[in-house]
Protein chains: 2
Amino acid sequence: MQRANDSISAALAVIGDRWSLLVLRGVFRGLHRFGELRDDLGIASNLLTTRLNRLVEQGVLEKVQYQDRPVRFEYRLTDAGRDLSPVLVSLMQWGDAHQMSGNAPTTLVHATCGAPIENVTRCTQCREDVDATAIRNTNDHQLETT
Amino acid sequence: MQRANDSISAALAVIGDRWSLLVLRGVFRGLHRFGELRDDLGIASNLLTTRLNRLVEQGVLEKVQYQDRPVRFEYRLTDAGRDLSPVLVSLMQWGDAHQMSGNAPTTLVHATCGAPIENVTRCTQCREDVDATAIRNTNDHQLETT
DNA sequence: CAGTATCCTCGAGGATACTG
DNA sequence: CAGTATCCTCGAGGATACTG
């Protein structure tokens with residue numbers, strides 16, 4: 001993409017194509033093997049190969065051998081991959097609210113409580129939830145000009 | 001896309017192309033006019049036209065007239081558009097952490113505190129932050145089969 | 001200034017056959 | 001089963017000129 005001096009474009013350069021987030025969604029849901037992902041997504045196998053390799057290169061997924069004759073690998077989230085969870089959750093939350101008119105086909109719940117989870121933006125200082133209108137953008141220029 | 005019976009694909013069908021999220025990022029940052037967005041993004045004008053029209057159709061942006069001779073419109077976020085804020089914030093947070101090796105080029109702050117904000121996933125019941133590994137997926141089948 | 005109209009390119013995505 | 005190899009299509013994206 002252009003202007004990679006921005007974290008959003010940088011993130012989109014990694015997962016901003018038509019399949020990557022869907023592949024990751026599958027892995028988050030417990031699909032780790034090539035065939036499982038291919039069948040679930042209905043993606044052409046050659047494409048799945050390139051997507052997986054790319055995500056591995058980018059450090060989002062890693063190949064873990066699960067069998068040795070023949071040698072077979074499965075795909076697991078790295079820490080960086082797991083950190084993409086909020087992206088998927090926020091996307092799903094938005095889709096639920098605005099594309100499914102509130103009828104969520106699936107709900108994400110807290111493993112220990114069983115209660116639904118939500119994605120929010122919060123202030124690190126006052127700990128209050130921050131509305132989109134209360135967000136400001138600060139250039140960290142000082143760091144460079146000092 | 002395929003399988004639109006999923007909120008993530010549904011969301012991606014609206015903003016999952018190469019430009020939409022970047023356009024929205026611009027609007028969030030205060031760029032509301034055609035020329036501002038075009039210059040900031042370096043996007044071809046015909047493409048910007050189709051992206052903006054599409055986002056308006058999808059109910060994410062709305063045209064607001066700001067001048068009448070000649071008639072000129074600017075683009076504003078609707079409520080649905082504003083609800084995409086967590087997607088942008090989580091994407092930026094991930095880009096900062098994993099693509100900029102922690103050196104955020106820009107920081108989002110809370111308007112009232114001035115302190116940095118963060119995007120988290122939280123349990124609606126116990127109010128604790130929920131780690132990606134503590135998220136479970138529940139099919140809401142009961143609703144349909146009843 | 002905020003687009004619209006045209007035309008073109010290129011590569012992501014897809015279908016299909018094949019292999020250790 | 002987990003890919004690789006080939007070939008093809010089509011449309012998103014882009015460049016450029018034009019207009020009220």
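Naming: A, B, ... by sequence-line order, numbering from 1 per chain.
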Close N/O contacts between protein and nucleotides 14-18 of chain C (under 3.5 Å):
{"from": "dG14(C)", "atom 1": "OP2", "to": "Trp19(A)", "atom 2": "NE1", "distance (Å)": "2.8"}
{"from": "dG14(C)", "atom 1": "O6", "to": "Asn46(A)", "atom 2": "ND2", "distance (Å)": "3.2"}
{"from": "dA15(C)", "atom 1": "N6", "to": "Asn46(A)", "atom 2": "ND2", "distance (Å)": "2.3"}

Polar side-chain atom of Ser90(A) near backbone of Val87(A) as donor-acceptor pair, under 3.5 Å: yes
Distance-only donor-acceptor check, side chains Asn53(B) and Thr50(B), under 3.5 Å: no
Atom pair distance, as rounded to whole Å: CG in Leu48(A) and P in dA12(C): 16 Å
Nearest-Å distance for atom pair CG/C1', residues Asn53(A) and dA5(D): 14 Å
Nucleotide nearest Arg33(B) (side chain, heavy atoms from C-beta), chosen from dA2(C), dT4(D), dG13(C): dA2(C)
Hydrophobic cluster membership, Leu91(A) vs Leu12(A), 4.5 Å side-chain cutoff: yes
Modelled atom types, side-chain donor and acceptor of Asn46(A) and Thr49(A), under 3.5 Å: no
Whole-Å distance separating the CZ atom of Arg54(A) from the C1' atom of dG13(C): 15 Å
Donor-acceptor pair, side chain of Trp94(A) and main chain of Ala80(B), under 3.5 angstrom: yes
Separation of dA2(D) P from Leu52(A) CG (nearest whole Å): 11 Å
Smallest separation among heavy atoms of Val109(B) and Ile117(B), with atom names: C-CG2, 3.8 Å
Length of the OH-P vector between Tyr66(A) and dC1(D), whole Å: 9 Å
Nearest-Å distance for atom pair CG/P, residues Leu21(B) and dG13(D): 12 Å
Terminal helix-axis angle for the helix from dC1(C)-dG20(D) to dG20(C)-dC1(D), with five pairs defining each axis and rounding to 10 degrees: 50°
Side chain to side chain contact (heavy atoms under 4.5 Å, CB included) assessment of Thr133(B) paired with Arg82(A): CA-CA 8 Å; Thr133(B) 58; Arg82(A) 220 165 283 114; 3.6 Å; yes
